[in-house]
Amino acid sequence: MSSSPRWVAARLLWLPVFALVLAVCRAAFHCCERGPRAPRGRATRVVRVQHRRDRAGSKAARGA
């Protein structure tokens, strides 16, 4: 039954419907996923943190 031509046709007809619903959801919620934008003319603030690694201490902790 699952390999009959009608079953296959019914499943293939759902693909454009699914694609349309997915496109509508993406368009509706795309702005929410990206978060707020930075004001124009003002650079965004990037904070970078660099951790120092103590090689001798990490080797001793691993037992090497």
Are Leu20 and Leu13 connected, step by step, through hydrophobic side chains (Ile, Leu, Val, Met, Phe, Trp, Tyr) whose heavy atoms are closer than 4.5 Å? no

With a 4.5 Å cut-off on side-chain heavy-atom distances among I, L, V, M, F, W and Y, is there a chain of contacts connecting Trp7 to Leu12? yes

More than 12 heavy atoms of other groups within 6.0 Å of Arg11 CZ: yes

